[in-house]
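It should be emphasised that the depicted structure is a prediction, and the values quoted were computed from it without experimental measurement. A, B, ... follow the sequence lines: proteins, then strands. Residue 1 opens every chain.
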There are 2 protein chains.
Amino acid sequence: MMHEAGTATEQTRARLLDAAREVFSQHGFQGATVREICRRAEANVAAVNYHFGSKDGLLAEALNFAPLKAMQLANIEAGGAPEMRLCLFIRDFMLMLLDETNGSLPCRIMARELADPTPALDKIVREAIAPLHEFLGELLREIAGEKTGEAELRRCMHSILGQCLYYRHSHPVLQRLHPRLRYDQKEIAAIALHIADFSLAGINAISKPTAK
Amino acid sequence: MMHEAGTATEQTRARLLDAAREVFSQHGFQGATVREICRRAEANVAAVNYHFGSKDGLLAEALNFAPLKAMQLANIEAGGAPEMRLCLFIRDFMLMLLDETNGSLPCRIMARELADPTPALDKIVREAIAPLHEFLGELLREIAGEKTGEAELRRCMHSILGQCLYYRHSHPVLQRLHPRLRYDQKEIAAIALHIADFSLAGINAISKPTAK
DNA sequence: TTTACATTCAAACAAACGTTTGATACGCTT
DNA sequence: AAGCGTATCAAACGTTTGTTTGAATGTAAA
C-alpha cells in the first residue's frame, strides 16, 4: 500500500522537509509560513498537517542532529593533538554554519532558535547543544590542563562558540557593512583559522596566568 | 494647546515607548504585538498608530542610540592605556546587553535585530553599529599596532563582539543548561573580565605572531 | 471490477494580526 | 458658555496565520 522508498507519499514528505529546512533557516520558525513551505514543495497547504500534524511537528522532524554528531565523532577519531582537533572542530562548525553548499541546514536552523525559544528548543538543547558542550568541554580540558577551574573553562567554551555563531547571527549586518564580502570556502577557512589562533592564545592566557 | 512636558499626551507617548522597548527586547519585532504593548502601557490599541503612525514607526522611535554613543565618548575621555580602555568597553557593553537594572533596552533590541532584518535595521547599522565598529577598530589598532593587517584587525573585532553578543543571543539556551545562573552585576563583571583577558591574549597572538 | 484505504486538493475555518473609523471626552482659547 | 482641536475609546476592517473539512483522486488488495 505504501512505504516503499521512492513512493509518491515519501516523495511529498521529503519535499516538504527540504522546503521546510530552507524556509526555517531563512526566516526562522515564526517568520516561516506553512504556505510558503508548501509552495516550494509544490504541495497542498494541508499537506503539512496531514504528514506532520502541525507546523511544530514539521520543525521537529526537519531538525537533524546527525551531521553535528558525526562531526564530533570524526573529530574524536581523527586523533592528534587537542589543539589541532580544536582547529578542526572550528573549521567544520563554521562550514556547517556558513557554507551554502553544505547541506546541513538544521545547524543553521538551530542557530536561529538559540535566541528565540520555540517548542523545539528543549529538544535541541537536550539532544544537540548539551552533547556539543560536553564534547567541547572535554577537548578544552585537554588543552587547558587540569588546574583550570570549571567556570573559566566554560567561559573559554562560550568565547569560542560566540565567535563562531557571531558570523551567522550578524550576517545581515555584516553584509550591509561589507557588501562585497562572500562566504566561500576559502574565506570560511580563513575565519576559522583566525578563531582558532585567537582562541588558543586566549585559553593559554586563562589557563596559565602569567604575573605581570 | 499641547506639547508641554508632562502633559497627558506626552505621558501616553512615554508609556508606549517604555512598554514597546520592553516587549520588543523580549519578543523581537515580529514576536511583539501592538496589543500587548498597549496593554502594558494601559493605552488603547489605536494609540500606537495615532502617535507613531505604525508599528514600524514605534520601533524607530523606541530605538535610542544615545547610551551607546555616550559610552563610547566616556571611554575615549577616560584615557589610559588602550588595553585598559578595551577592558572598560567590554564591561560597559556587557552591562548594556545583560544587566536588568540597566535601562538601556534599545541595545538589547538592536542585538535581537542583528539576525532578523526589520525595516529599522538599515538605520541601526548606519547610526549605531557602523560608528561602534569604527570606535572599536581604532581602539584595537592602538593595541595591535600598525603592522597588523586590516582584515586581521577586523576579525579580532568580530571575535570580541561575538563573545559579548553570545551571552545575549544564547541566553535562552544557557538558562536551560545552567538554571541556577543569574546575571547580576558581579557575574557580568566576571564574564567581561574573562572576555577582556581572553581577547587581549588573542590580539597579541594575531598581531605579534611568534614562530613556534 | 469492486472494495478499502491512503493521499491530495480546493475551500473554508477560527483566531490573531496591524490598522482604520466614527463617536466621545478632554483642555484650551474666545 | 460656546467653539475648536487633540486625545482616547470601543468597535470593526481587511489580511494573514495555522488548521480543518469533505470531496476527489490514486493505488493496491480482494
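- Between the P atom of D:dT19 and the CD1 atom of A:Ile37 lies a distance of 11 Å, rounded to the nearest Å.
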Sequence neighbours excluded and cut-off under 3.5 Å, please list the side-chain donor-acceptor pairs for residues 126-139 of chain A, or say none.
none

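- In this view, B:Glu22 and B:Arg40 satisfy the side chain to side chain donor-acceptor pair (under 3.5 Å) rule, not counting sequence neighbours.
- Residues meeting the salt bridge (Lys or Arg N to Asp or Glu O under 4.0 Å) test with A:Arg85, sequence neighbours left out: A:Glu142.
- The overall bend of the helix from C:dT1-D:dA30 to C:dT30-D:dA1, read as the angle between its terminal helix axes built from five base pairs each, is 10° when rounded to 10 degrees.
- Across the protein-nucleic acid pair, B:Glu42 atom CD and D:dT8 atom P stand 13 Å apart, rounded to whole Å.
- A straight line from CG of A:Leu16 to P of D:dG18 spans 14 Å, rounded to a whole angstrom.
- Phosphate contact (OP1/OP2 of D:dA7, side-chain N/O of B:Thr12, threshold under 4.0 Å): absent.
- For the pair B:Arg15 CZ and D:dA7 P, the computed distance is 14 Å after rounding to whole Å.
- Per the geometry, CG belonging to A:Leu58 stands 12 Å off C1' belonging to D:dG18, to the nearest Å.
- No side-chain donor-acceptor contact under 3.5 Å links B:Ser104 to the backbone of B:Pro106.
- Partners of A:Asp56 under the salt bridge (Lys or Arg N to Asp or Glu O under 4.0 Å) rule, at least two apart in sequence or in another chain, do not exist in this structure.
- Residues passing the side chain to side chain donor-acceptor pair (under 3.5 Å) test with B:Glu61 are B:Arg13, sequence neighbours excluded.
- The side chain of B:His51 places no N or O atom within less than 4.0 Å of a non-bridging phosphate oxygen (OP1 or OP2) of D:dT6.
- For the side chain to side chain donor-acceptor pair (under 3.5 Å) test, residues two or more places apart in sequence or in another chain that qualify with A:Asp99 are A:Thr101, A:Gln185.
- For A:Ala47, the side-chain contact (heavy atoms from CB on, under 4.5 Å) partners are A:Leu16, A:Ala43, A:His51, not counting sequence neighbours.
- Distance alone, capped at 3.5 Å, is enough to place a donor-acceptor pair between the B:Gln163 side chain and the B:Ser159 backbone.
- Counting to the nearest Å, the C1' atom of C:dT7 and the CZ atom of A:Phe52 are 14 Å from each other.
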Expected rows: protein N/O vs nucleotides 16-20 of chain C N/O, under 3.5 Å:
residue: C:dG18; atom: OP1; partner: B:Ala32; partner atom: O; Å: 3.3
residue: C:dG18; atom: OP1; partner: B:Val34; partner atom: N; Å: 3.4
residue: C:dG18; atom: OP1; partner: B:Lys55; partner atom: NZ; Å: 3.0
residue: C:dG18; atom: OP2; partner: B:Val34; partner atom: N; Å: 3.0
residue: C:dG18; atom: N7; partner: B:Arg35; partner atom: NH1; Å: 2.7
residue: C:dG18; atom: O6; partner: B:Arg35; partner atom: NH2; Å: 3.1
residue: C:dT19; atom: OP2; partner: B:Lys55; partner atom: N; Å: 2.8
residue: C:dT19; atom: O5'; partner: B:Asn49; partner atom: ND2; Å: 3.3

